[in-house]
Protein chains: 2
Amino acid sequence: MENQKSTCRITDGFFKNYQELVRTVSIPYQWNILNDRIPRAEKSGAVHNLELAAGLAQGEYYGTCFQDSDVGKWLEATSYALETKPDPNLEALADSVIVLLEKAQQEDGYLNSYFTVKEPQKRFTNLRECCEHYCFGHLAEAGAAYYEATGKDRLLKIACRYADLLCSIFGPAPGQSRGYDGHPEAELALVRLYEVTGKESYLKLADFFLNVRGEEPYYMELEWEKRNHAWHYELNKDVNPRDDRIYDCAHIQPRFQKKADGHAVKVGYLLTGMAAVAAHTKDEQLLAACRSIYDNIINQRMYLTGGIGSSRHQERFTFDYDLPNDRAYAETCAAVSLSFFTRRMLDLIPDSTYADTLERVLYNGTISGMSLDGTHFFYLNPLEILPDACRFDQDFKYVKPLRPQWLSCACCPPNLIRLLASVHRYLYTVRDDAIYVNLYVSSEGNLTQNGRSVFIRQETDYPWKGEIRFSTEGFLPDMHLALRIPGWCTSWELLDHTGRKRSDFYYKHGYLYLSLSPSDSFLLHLDIKPCCVKANCLVKADAGKAALMLGPIVYCMEELDNGPQLYNIIVSPDAGFKECHSSDFPQGELPVLSPQGAALYENAVFLEAEKARREVSAPGQVLYERYYPEETQAVCARFVPYFLWGNRNGKTPHEMQVWFRVMRNDN
Amino acid sequence: MENQKSTCRITDGFFKNYQELVRTVSIPYQWNILNDRIPRAEKSGAVHNLELAAGLAQGEYYGTCFQDSDVGKWLEATSYALETKPDPNLEALADSVIVLLEKAQQEDGYLNSYFTVKEPQKRFTNLRECCEHYCFGHLAEAGAAYYEATGKDRLLKIACRYADLLCSIFGPAPGQSRGYDGHPEAELALVRLYEVTGKESYLKLADFFLNVRGEEPYYMELEWEKRNHAWHYELNKDVNPRDDRIYDCAHIQPRFQKKADGHAVKVGYLLTGMAAVAAHTKDEQLLAACRSIYDNIINQRMYLTGGIGSSRHQERFTFDYDLPNDRAYAETCAAVSLSFFTRRMLDLIPDSTYADTLERVLYNGTISGMSLDGTHFFYLNPLEILPDACRFDQDFKYVKPLRPQWLSCACCPPNLIRLLASVHRYLYTVRDDAIYVNLYVSSEGNLTQNGRSVFIRQETDYPWKGEIRFSTEGFLPDMHLALRIPGWCTSWELLDHTGRKRSDFYYKHGYLYLSLSPSDSFLLHLDIKPCCVKANCLVKADAGKAALMLGPIVYCMEELDNGPQLYNIIVSPDAGFKECHSSDFPQGELPVLSPQGAALYENAVFLEAEKARREVSAPGQVLYERYYPEETQAVCARFVPYFLWGNRNGKTPHEMQVWFRVMRNDN
């Protein structure tokens, strides 16, 4: 992939702060977590388990059977951090983990601490539950990333040895297994290995996995029969895998799927694998399935924040327009997976919808999963919190009003940091016809298109300000730069370096296609103003409501700024919203922040509604009484960026809501 | 109790139809159910199990360990039906069941088919889960009712023998058990036995059960220790009973309880027992607890329909103002229990709030539990249905959009029919100071107050019309008749038989106290007009919404009349509502009804909003877009009485909603 040969560096601003926060705080923190050195945090066991597998430690395996994947993700995040900024100490630490992995790898290439330590005879006997391919995938992604970041191929070779083993065991030949993992991930990772090594067998295996998933006879049932109906998880004990093929996205073969059904993270990873394979095989059917499922997600099944998978029950998609705000599951990993998928789609289809979704999820439903201190994490990302419900209503069992230090199922925190550490890789998509600007981020990029090198510098305070100053070098007359006009943006202009309007472009599918002189500079001005949005009428949860955005940023109200019973606040979406500085709002119990965490907070734009009222109960008001138009008081309704919610309330749960009730101007 | 010496007969109208429906259809139907003679219905086993215990049948016990209670409730319902209208065949059938119970009763008085058949060594070893006292209670209530209805004491004696056994086993004396049932019911039933037999020991045992519940050391834990932590229900296997004392209403002794916490039916039965005991013991502390818990229910924890217990998780109360409409549990039994409790409170406190609540629950949240054909039943009574949620969202697992023929846990159907069969007993409360009219029902009552007999006739089309014509005989100048002015009623007048306004009354706590001449007649006119109500601002689920009532009847919108997406319909609560006849509305797939079912349907007032609009999605509308005031179309919003919902849609689930979005008149 041409894009992979590009190198970009984020130089300043929003994602620079996130990358530095991850590099300086979250990566060291998570290393301590993986080594169980953080008091009172959920135990990980991840490094310990690998030491057991390597014969370097004594004791019991602990944690889930997919704990290895956390190490893979951490190494991948670390790779991107090293790509961003060399750090000999961090690299030495990573190298030591790689040595450990090498020792834990078995003679034949197999590498999985759970099965090696606990059930060596049961390798690949329970693909539905036990995530062996999934763990392989995260190892492989780390191997590719570490090689690209450092030039060192030791981890890549470990991954390839394991991939070679998979290629020998799984495949279409007689005697080979037609199995595939319950949790997609190997598919996208095998393509990644293929892209780094050029080894065709990896691409073929990825394609094979996509083709056998869902075929008859049903593999998940066959292996279950072979196991005499034994399950790894107690909770599955009465399950016949045939009864819920949708959960595994295996109801029909992926190429025939039309909607986003099943476990949301599985869907997201599967789609990423499908798009990745399609990019190389030019498989139009697979690509059509990606488009169809994507359309279903963005038109019927995605929260405003980019969160997907509304139900806590099996972390699933449910049905069209079912987007409850309070019980929203919207797992951080699922949002992260949507980033992976949309980025792959951008390689295939020059349509800004994919970058719009990427932007939506990057600025909202992913980063809400981490506190500003970089050390607390959400698994769920609800759009509404009522603390009493979290406490007393079992339907809200998993909805946490406060970010914990770690999670017993810890897929999300390292997934989020690997995404953030790699954001510089999401800025551009290099296609034959143009270089596409996906994201507006202060950065310097050296990109190669059709063998020709160009340089692009962006300077901007995006997403808080809409000016993006571009300087480019090396563009030839037949090359295009395609600037995305975000879906949320209704007014923009393009100015040359003298401040005059530029009009040497054409517009198509959300992009301005621009021809540049060899050394060029221009200013893109996107009009970023507070703006209310509404949901489709079919979304029951949002009926009669609106939400507030500023550019790509979704806002929410918090109890700290507005008092309790946020549901009694009515806001006029037609009146204005005042932009405020964070210091205009109560700081509450904001934790001690690193300089980058502090900068993220201080740079953020907070908003106040110019016209809002609160319905108030009369003193002693009974539960039900004859209807009368509710008494209201004028109030100042205050909004903070959704990704910042829950950072200022210490250990006290408080209310939050994204969608608010609407006042007509004539009220 | 004086009241118990009164005899009332419902002569016509709403509850006459319900009583006849129950007598002619539901009682025979449920008898067939208890004998497993209804194809495709959930199995009961109730009669079979008693036959096993009596040594009259072979085979396996089946159903829950509290199946006996269904037989007790059926016999109680049958008693009231016989009280209403003698029926030799039905009486003979009941007598045969009583013979069966006698045979199933053990030498020492014990009577419980589950333990007799399945675990004879484990009697009274698991009071928390196994409902032995609960089953006793339903037997005892049936015994008292059958005796009162027929004068036959065979069932009463069976109950007393069992009660005597309980009195010997449980009590404060050394060597006696300080246990009490996980599910209250014995308390209220023992008072009932006391009231019929005058035997003090029954009242004392009821009082004892109320006093030991919640005491330390904690009985539920002691018995669990004795059982070596064995549980009857698999789902309890990891439970330490101490960890959830609230579920059993045993967190503190009932007299010290202030709020409605725990399993809603348990709370309702416990309260009934508390009020019943307090009536005889004059225990002010117990009564104060009843008042406090009641206040919490009606001011913070009750649905508009009188449904209580909002959460499916352990069928519980959750927290103040937590009244989700779509996930509402609102078990039929819980609403029924509120009838029992409020009726007991009316004996104690001459305040119309208790009769208002009784009326609310009788006309709405109880009878919604049965279809108009008398043979299909709801366990849950939600205030909002979205069929796709019931189908695809596990949080709606128990919410049924259609009434099944029977239920595997079948507490509700026989509970509802025993309530309906006994409604004639709820019309009046005779106190020393006055005879209180609780309910307006066409009826004839012979009542005894302080040894003096009076006769009261009511003629009315209530609840559809507000005129109630009273004729009375036998009142002396120092006697009062207290007419309830319902809480929903804001305009009324009292006319003498010539049509002139009458003013010889005074008003107190919701009642008009009237002195009558020895032979008197008058007309009470309650102004029954469609009227919208609102919920307290603190009810999040109802924010920005209203509901429609006509007198005591709560209304709802159904998809059949309004199309889908009821949540997009906005109604002006200030504009009028047109009263319609049922024939003005689509009849859909209304089942073949008995004459009484048909009369209930035909007499019902249906309503149309004079001003309503529907928000409509533009064709191809995306999921999120810039806010604009929603496009609306004028629509005819149609409402049916809530208790009738789900009767016209055959086997097709459809939408329903009670609370609707509000339009201001200026929209």
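Numbered from 1 within each chain, the chains take letters A, B, ... in sequence-line order.
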Exercise. Quick one: what part of B/Tyr628 sits under 4.5 Å from any heavy atom of chain A, side chain, backbone, both or neither?
Worked result: both
Exercise. Between B/Met549, B/Gln565, B/Lys540, B/Gln621, which shows the greatest number of heavy-atom pairs under 4.5 Å with chain A?
Worked result: B/Lys540
Exercise. Taking only residues two or more places apart in sequence, or in another chain, which ones meet B/Asp395 in a salt bridge (charged side-chain N to carboxylate O under 4.0 Å, His left out)?
Worked result: A/Arg312, A/Arg327, B/Arg312
Exercise. When rounded to the nearest 0.5 angstrom, what distance separates CG in A/Asn562 from SG in A/Cys556?
Worked result: 9.5 Å
Exercise. With chain B, which of A/Arg316, A/Glu625, A/Met302 has the greatest number of heavy-atom pairs at distances under 4.5 Å?
Worked result: A/Glu625
Problem set entry | B/Arg661 versus chain A, the contacting section by heavy-atom distance below 4.5 Å | side chain
For this session: Take B/Phe660 and B/Tyr567 through the ring pair (Phe, Tyr, Trp, His ring centres under 6.0 Å) test and state the conclusion after the steps.
Result: CA-CA 7 Å; B/Phe660 51 83; B/Tyr567 47 89; over 10 Å; no
For this session: Please determine, by modelled atom types, if B/Tyr329 and B/Glu315 share a side-chain donor-acceptor pair under 3.5 angstrom.
Result: yes
Exercise. Do A/Tyr363 and A/Tyr642 have their ring centres less than 6.0 Å from each other?
Worked result: no
Problem set entry | Residue selection (most heavy-atom pairs with chain B, distance under 4.5 Å) from A/Leu566, A/Asp542, A/Thr490 | A/Thr490
Exercise. Between B/Thr318 and chain A, which part of the residue has a heavy atom less than 4.5 Å away: side chain, backbone, both or neither?
Worked result: both
Problem set entry | Intermediate values then yes/no, salt bridge (Lys or Arg N to Asp or Glu O under 4.0 Å), B/Asp351 and B/Arg291 | CA-CA 11 Å; B/Asp351 187 323; B/Arg291 294 180 81 140; 5.4 Å; no
Exercise. With a 4.5 angstrom heavy-atom cut-off, which part of B/Asp326 approaches chain A: side chain, backbone, both or neither?
Worked result: side chain
Exercise. By a 4.5 Å heavy-atom criterion (distance strictly below it), what part of B/Ile569 contacts chain A: side chain, backbone, both, or neither?
Worked result: neither
Problem set entry | Contacting region of B/Asn568 [heavy-atom separation from chain A under 4.5 Å] | side chain
For this session: Please check if any side-chain donor atom of A/Tyr294 sits under 3.5 Å from a side-chain acceptor atom of A/Thr342, or the reverse.
Result: no
For this session: Can you establish whether the number of heavy atoms outside B/Tyr398 located under 6.0 Å from its atom OH is more than 12?
Result: no
For this session: Check each atom of B/Arg614 against the heavy atoms of chain A and say whether the ones under 4.5 Å are side chain, backbone, both or neither.
Result: neither
Exercise. According to the interplanar angle, ranging from 0 to 90°, do the rings of A/Phe392 and B/Phe319 count as parallel (below 30°), tilted (30 to 60°) or perpendicular (above 60°)?
Worked result: tilted
Problem set entry | Contacting moiety of B/Glu384, where chain A heavy atoms sit under 4.5 Å | side chain
For this session: Heavy-atom pairs under 4.5 Å with chain A are the metric here; pick the option from B/Ser311, B/Ala546, B/Cys531 that has the most.
Result: B/Cys531
Seminar exercise, completed: Comparing B/Gln314, B/His313, B/Arg301 against chain A, the one with the most heavy-atom pairs below 4.5 Å turns out to be B/His313
Exercise. What part of B/Gln394 is in contact with chain A, defined as an atom under 4.5 angstrom from a non-hydrogen atom: side chain, backbone, both or neither?
Worked result: both
Problem set entry | Which of B/Asn299, B/Asp388, B/Asp320 touches chain A most, by non-hydrogen pairs under 4.5 Å | B/Asp388
Problem set entry | side-chain hydrogen bond (donor to acceptor under 3.5 Å, both in side chains) involving B/Asp527 - partner list, sequence neighbours excluded | B/Lys529
Problem set entry | Winner by heavy-atom pair count (cut-off under 4.5 Å) against chain A, out of B/Ile298, B/Asp322, B/Leu538 | B/Leu538
Problem set entry | B/Glu631 atom CD: more than 12 heavy-atom contacts under 6.0 Å | no
Problem set entry | Proximal component of B/Ala547, with respect to chain A [non-hydrogen, under 4.5 Å] | neither
